[in-house]
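A short write-up of the structure that comes next.
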Amino acid sequence: DLPRESHNWRHMTEYSLEMKQFACIFHLYHSKAYDCLRKIFPLPHPSSLTKQVHFLSFGWVSITYWLSNSGAAPGFSSDIFIRLQEKVEKGDQPYRYCALLVQDMALQRQQEWDARNQRLAGFVDVGAGVLDADEAPLASDVIILMAVGIVSPWRAPLGYFFVHSLSGHLLAQLLRQAINKLNNIGVAVLSVTAGATARGAETARALGIHIDPERLQCTFQHPPGSAHHITYFFDMCHALQLIRNALQCFQKMQWLGEAAKWQHVVELAALPEKRVPELCNSSSGCPGNEQCCYLKVNLATQLFSEGVADALEHLQNLGLASFQNCSGTVKFVRLMSRLRDVFQGRNPTARGHKGPLLVGNYSKIRHLFREARSFLLALTDSMGRCAIKSKRKLGFLSLLLNTESLTWLYTNYVLPEGLPVQCLLPHAFSLEQLELFLHAVRQACPGAGHPTCAAFQAAYGKLLASCSLAPGPHSSGFGDVSPLDLSTFCGTDLTLRKVRSQYDPTPGRTVAMEDPFSADLFVCDSATSNALTDLSLHEQSVTRAAGAVAERVASDLQCDVCVASLFEPGVSALRSGAVLYIKKSGGVSLPSASVHHITNVSEQVLRTYAPGRGGHKNSELWNLFLQQKIFSELLGERPLFPTLTDHFFDRPSCLDNHYVILVKKISRCYLHVRTNCAQNVNLKYPWGKPRWKRLKGKHSFALPLQQCQSSPSWVGP
């Protein structure tokens, strides 16, 4: 289909579709061979493949882009680039700098008939037209590019490409093309982020990055030979997964006389729920054996978190034999946790390591990075082999490269005066936003498994239509992904729940509880506990329902902090990290005062508006009506979940933080139990008739609410 005479290749305006496809695909897959062939054959200059200018009459200029298309077709999205250019031309400073993300996703190789365009689909298409031929290869993967804001949380899907085979060189070529297009509209790319995989390392080398610890180079020049440098990051979540795998494979890692052992993590994740005898307060009016405290592992806790480090220390202090000599594991986990917090900074108002990178707080981060570098260089496996030179080195090298890249950006863009970049949000250098977008694409595709080319294109088009380039999750084409999942979606493989699933304990296995659990350490002094004995039978029933709701909501949450807030702690002084002390009565977990209040208000609303509704009680409109009334009742009252004040500030918007989502989940779950399960549950005594005798007199549940509201430092949403 291609002309062999050289004169047919001299005028790009006369190129056929097949000639355009050949030039584009040849350059993307084999740029060096393309440059060599250009010396003896008049192929277009590489810059002309993405931008071609036509001078028309009356001074008009027409520009065409071979790798770009309008709508949801493969290639660079012309509409997105036009809207970004409009933002820059209006003087919106946050859109002048961005980070570039790249990710790939497997496709189902399938040839389909495209009824709309009246052609076969499923072939390779990089934006220059689909390769429609019997001998053309079917697309096996799709490459997606996204730009995200560095000083403001905006994001823009730049386009996608159907390819037959993946390579680091191909990804590097597409990245350079994207950088060129962004530079042409006035958007400067400061960094590139790829997965911490073999292909991500190959992409880094193709761009000119050196990940050898002895000659580490975290930037590459673009265009090659110019003075403009761009940093390179490996996704932090992927890097931590590799480090988790390394610790699991080596079982033991050592440095400077310390040792981290994987067995400590396994013992923590497999720790069974254990009944702990508790002495009740005399004012509770209940015998000591009616209520007890349970030690429970919060499986939603991230492995590399302060919660796990604190829990290991706490269990060691209790004298448990399985957790003795775990100080090295605690130091290992705590260091990884602090590095993770730095690279998760997403909110300009956040505090601690999760805050933005500013001139004022960089000294602490620089000290942490120096400590991490010394630690990583000294880390060895159980045989004394250096970890950064072992076959499990990529995760540790990724950490070294990421710290160097972030330091370089701070030195060159934040520290100098007069530059518009006054702070950096390190979260922009992770793949989380792109992976959330791909998760929404998968949800929009029909069926399970890998999507076909046609299904991916249709889903991509739906999400692209809802993308407004404005900061915030609801305007960024994330579909139905819950805001509660934004900070935890990509870390589900790093939770204690994942570890437990790999090491499922045998039935009946228990960890011996030594004398500290039977000592006089636990004192019952909570009005929520008294609700089961001092209140009316109806209020006892609501309290039990609140406990069941807390258990159900906890099973769906991936945020360990929010899970802990659902239950009443046994003793707050001993409530440490991934270990929770939860009170139970009659086999039901006692909810926190905030959860009880939400369910109590939900019950009041349901009983107020339920009469006369008949068969409409289970309708979606009816549930929305009830939720609106519940929120109306909660408005104006003192805030709930006072212990989550700092946690709520981790969210960039008060409308999307965990406070609002928790209230929604609790109220929805309670309404579901009360309205959809009425045929299976006795609403007056859902768990059977209580064993306690009904007390005389009138009682109210005002005390727990008052007790849970005292938080003068809290700022409501």
Side-chain angles (χ1 to χ4, degrees), residues 99 150-151 190-194 196 204 209-220 229-244 246-247 253 255-256 258 260 302 304-306 309 328 330-347 350-380 386-389 393-416 421-432:
I150 291 178
V151 297
L190 301 189
S191 69
V192 167
T193 303
I209 300 296
H210 295 161
I211 55 178
D212 186 348
E214 297 179 356
R215 55 187 189 98
L216 195 66
Q217 180 177 329
C218 63
T219 63
F220 64 94
H229 289 258
I230 299 175
T231 58
Y232 193 90
F233 288 87
F234 288 108
D235 180 64
M236 191 63 178
C237 185
H238 292 177
L240 291 177
Q241 289 176 1
L242 293 178
I243 293 175
R244 187 271 315 272
L247 181 60
M253 304 196 74
W255 74 99
L256 302 178
E258 300 280 357
Q302 293 286 309
F304 297 120
S305 65
E306 290 289 337
V330 170
K331 292 179 181 179
F332 185 93
V333 170
R334 185 159 282 147
L335 178 60
M336 295 300 135
S337 170
R338 291 172 180 173
L339 291 172
R340 171 177 167 265
D341 288 345
V342 169
F343 286 94
Q344 275 193 343
R346 69 181 73 233
N347 187 359
R351 307 165 184 174
H353 285 132
K354 291 186 178 181
L357 190 60
L358 303 167
V359 175
N361 66 353
Y362 178 70
S363 59
K364 294 186 297 184
I365 296 177
R366 179 178 57 186
H367 176 74
L368 176 64
F369 284 176
R370 289 178 178 175
E371 179 185 357
R373 179 175 178 82
S374 301
F375 167 81
L376 294 172
L377 293 177
L379 194 64
T380 63
C386 188
I388 58 175
K389 295 182 179 180
K393 62 184 178 181
L394 185 55
F396 304 106
L397 291 176
S398 299
L399 285 187
L400 281 176
L401 183 70
N402 287 359
T403 56
E404 290 291 329
S405 295
L406 193 59
T407 300
W408 191 93
L409 286 175
Y410 170 82
T411 304
N412 290 272
Y413 286 95
V414 179
L415 186 59
V421 181
Q422 299 179 354
C423 70
L424 293 175
L425 299 178
H427 176 253
F429 310 125
S430 73
L431 290 179
E432 181 179 305

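Keep in mind that this is a model prediction, so the values were computed, not measured.
Distance CG/Leu368 to NZ/Lys364: 10.5 Å, rounded to 0.5 Å. Taking CD of Gln241 as the start and SG of Cys237 as the end, the distance is 4.5 Å to the nearest 0.5 Å. With rounding to the nearest 0.5 Å, the separation of OG1 in Thr219 from CD1 in Ile209 is 6.0 Å. Here the CH2-CZ distance, from Trp255 to Phe332, works out to 7.0 Å after rounding to the nearest 0.5 Å. Atom NE2 of His229 is separated from atom CG of Asn412 by 9.0 Å, given to the nearest 0.5 angstrom. Rounding to the nearest 0.5 Å places CG of Leu394 at 10.0 Å from CG of Leu401.
The closest side-chain heavy-atom distance from Leu357 to Ile365 is below 4.5 Å. Side-chain atoms of Leu397 and Pro213, non-hydrogen and from C-beta on, do get closer than 4.5 Å to each other. Looking at Ile150 and Leu190, their side chains come closer than 4.5 Å, going by heavy atoms from C-beta outward. With contacts defined as side-chain heavy-atom distances shorter than 4.5 Å, the pair Val151/Leu425 does not qualify. You'll find the side chain of Val192 stays beyond 4.5 Å of the side chain of Thr231, heavy atoms only.
Panel note: side chain Thr403, backbone Ala372; no donor-acceptor pair is recorded below 3.5 Å. Using modelled atom types, one side-chain atom of Ser430 and one backbone atom of His427 make a donor-acceptor pair closer than 3.5 Å. A donor-acceptor pair is defined here as one N or O able to donate and one able to accept, closer than 3.5 Å; such a pair exists between the side chain of Asn402 and the backbone of Phe234. Of the possible donor and acceptor atoms, none in the side chain of Gln302 sits under 3.5 Å from a partner among the backbone N and O of Phe304. Looking only at distances, a side-chain donor or acceptor of Thr411 sits under 3.5 Å from a matching main-chain atom of Thr407. Of the possible polar contacts, one joining the Ser405 side chain to the Tyr232 backbone as a donor-acceptor pair under 3.5 Å is found.
Ring planes of Tyr362 and Tyr410: parallel class, angle under 30° (limits at 30 and 60°). Using cut-offs of 30° and 60° on the angle between ring planes, the pair Phe369 and Phe343 is parallel. Ring planes of Phe233 and Phe429: parallel class, angle under 30° (limits at 30 and 60°).
Nearest heavy atom pair, residue Ala309 against residue Arg334, reads CB-NH2, 3.5 Å. Of all heavy-atom pairs spanning Lys389 and Lys393, the tightest one is N-CB, 4.1 Å. Between Ile211 and Leu216, the shortest heavy-atom distance links the atoms CA-CD1, 3.7 Å. Here the closest non-hydrogen pair linking Ala239 and Ala196 is N-CB, 3.9 Å. In this structure, Met253 and Ala387 approach most closely via the heavy-atom pair CE-CB, 3.7 Å.
Between Arg340 and Glu306, no side-chain nitrogen of the basic residue sits less than 4.0 Å from a carboxylate oxygen of the acidic one, so the salt-bridge criterion is not met.
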Run the side chain to side chain contact (heavy atoms under 4.5 Å, CB included) check on Met336 and Arg244 step by step: do they pass? CA-CA 10 Å; Met336 295 300 135; Arg244 187 271 315 272; over 6 Å; no
Would Val342 and Met236 satisfy side chain to side chain contact (heavy atoms under 4.5 Å, CB included), going step by step from the backbone distance to the final call? CA-CA 10 Å; Val342 169; Met236 191 63 178; over 6 Å; no
For a side chain to side chain contact (heavy atoms under 4.5 Å, CB included) check, start with the C-alpha distance between Leu399 and Leu339, then their side-chain angles and the critical distance, and finish with the verdict. CA-CA 8 Å; Leu399 285 187; Leu339 291 172; 4.1 Å; yes
